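Computed from a predicted structure; not experimentally measured. Protein chains get the first letters and strands the later ones, always in sequence-line order, with residue 1 at the start of each.
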Protein chains: 2
Amino acid sequence: MKKTNPIFLNGVPELLVLRLLSRREMYGYQIIEEIRAQTRETLSFGEGCIYPYLHYLEAEKLVSSRRREVDGRSRNYYKLTPRGGKRLDELTTEWKRVTTGISSLMGEQYA
Amino acid sequence: MKKTNPIFLNGVPELLVLRLLSRREMYGYQIIEEIRAQTRETLSFGEGCIYPYLHYLEAEKLVSSRRREVDGRSRNYYKLTPRGGKRLDELTTEWKRVTTGISSLMGEQYA
DNA sequence: GACAATACCTATAACTGTAAGGTATGTCAA
DNA sequence: TTGACATACCTTACAGTTATAGGTATTGTC
């Protein structure tokens with residue numbers, strides 16, 4: 001029954017992963033590190049979250065992957081499919097709606 | 001393994017409940033309806049979410065309650081405690097940090 | 001007198017992310 | 001050259017949070 005301190009955001013990993021992949025091809029480990037870096041540790045999704053997500057996204061044909069050898073390293077690179085692009089648009093709209101709703105409820109104090 | 005469509009936000013019910021109670025005394029049913037109304041159905045937390053939350057918040061002394069008879073109806077009115085005020089401040093700050101982080105990762109496209 | 005709306009409550013299921021393990025390869029310093 | 005560390009991938013078990021679906025009782029309305 002314990003409610004933990006931080007606010008967690010269900011579904012946000014999917015939004016962020018799709019958004020990152022909409023910019024360029026990336027591999028899993030890189031996605032994890034980039035989310036940490038670009039949000040200054042505010043958001044930090046573990047491997048146990050991101051890897052299964054990528055597999056799910058691929059199964060749903062929202063992303064596609066290919067094995068590449070770069071810098072003597074073997075990596076799975078993912079990129080957005082057209083279907084994934086649509087999904088990203090939907091999630092982005094949804095995210096805006098939600099934050100707008102919360103903002104209006106929070107009021108001016110929440111500037 | 002099914003990821004559902006809408007974005008859910010863990011911890012947000014607590015944030016919103018505390019915020020509403022920081023304005024004025026309210027009862028459970030009213031809180032549920034007000035969240036629905038003020039967000040135009042965008043957010044809609046069920047009774048199975050809000051009532052247990054209120055009990056939890058009271059157990060943690062973040063809110064206090066009293067039974068009142070109003071309009072011939074018996075209701076449990078809740079209001080914020082000083083401790084609850086602190087908690088609200090923390091959660092608000094946290095919420096801002098998280099949304100800021102997400103915004104920066106989403107980029108301009110997310111205006 | 002029946003039915004909807006109000007007002008409260010709880011148990012259970014479902015979903016999501018974490019924690020904690022695992023494998024394998026490459027790099028660099030001692 | 002070996003030992004440590006970072007990279008890169010993966011999975012399972014668990015914990016936390018919300019939804020679903022039931023329940024009770026009272027009040028208002030047709």
- Query: Where the side chain of A:Y27 is concerned, which of C:dC8, D:dA8, D:dT18 is the nearest nucleotide?
  - Reply: D:dA8
- Message: Distance check needed: D:dA6 P versus A:R36 CZ, whole Å only.
- Response: 13 Å
- Item | From C:dC9, C:dG17, D:dT18, nucleotide with atom closest to B:Y78 side chain | C:dC9
- Task: Check the distance between D:dA8's P and A:E25's CD and give it to me in whole angstrom.
- Result: 14 Å
- Message: Measure CD/A:E34 against P/D:dA8 and give the value in whole Å, please.
- Response: 13 Å
- Map A:D71 and B:V70 onto DNA chain C by nearest heavy atom, then report which one ends up closer to the 5' terminus. B:V70
- Side-chain touch B:V17/B:L57, heavy atoms, less than 4.5 angstrom: yes
- Message: Assuming nearest nucleotide by heavy-atom distance, tell me which of A:Q30 and B:G48 is located more 5' along DNA chain D.
- Response: A:Q30
- Query: Would you say D:dT11 has OP1 or OP2 under 4.0 Å from some side-chain N or O of A:H55?
  - Reply: yes
- Item | A:E47 CD - C:dG22 P separation (whole Å) | 14 Å
- Task: Nearest whole angstrom, please: distance from the P of C:dG17 to the CD1 of A:I35.
- Result: 11 Å
- Message: Rounded to whole Å, please give me the gap between CG in B:N10 and P in C:dT16.
- Response: 10 Å
- Message: What's the closest nucleotide to the side chain of B:R73 if the choices are D:dT7, D:dT26, D:dA19?
- Response: D:dT26
- How long is the span from the CD atom in A:E94 to the OG1 atom in A:T99, to the nearest 0.5 Å? 9.5 Å
- Non-hydrogen side-chain atoms of B:L18 and B:V63 separated by less than 4.5 Å: yes
- Task: Whole angstrom is fine here: how far is it from OH in A:Y53 over to C1' in D:dC10?
- Result: 18 Å
- Query: Looking across every strand, which nucleic acid part, if any, lies under 4.0 Å from A:G46 by heavy atom: base, sugar-phosphate, or nothing?
  - Reply: sugar-phosphate
- Note on the structure: Taken to the nearest whole Å, OH/B:Y29 to P/D:dA25 is 18 Å
- Task: Ignoring the backbone of A:Y51, work out which of C:dT6, C:dG17, D:dA8 is nearest its side chain.
- Result: D:dA8
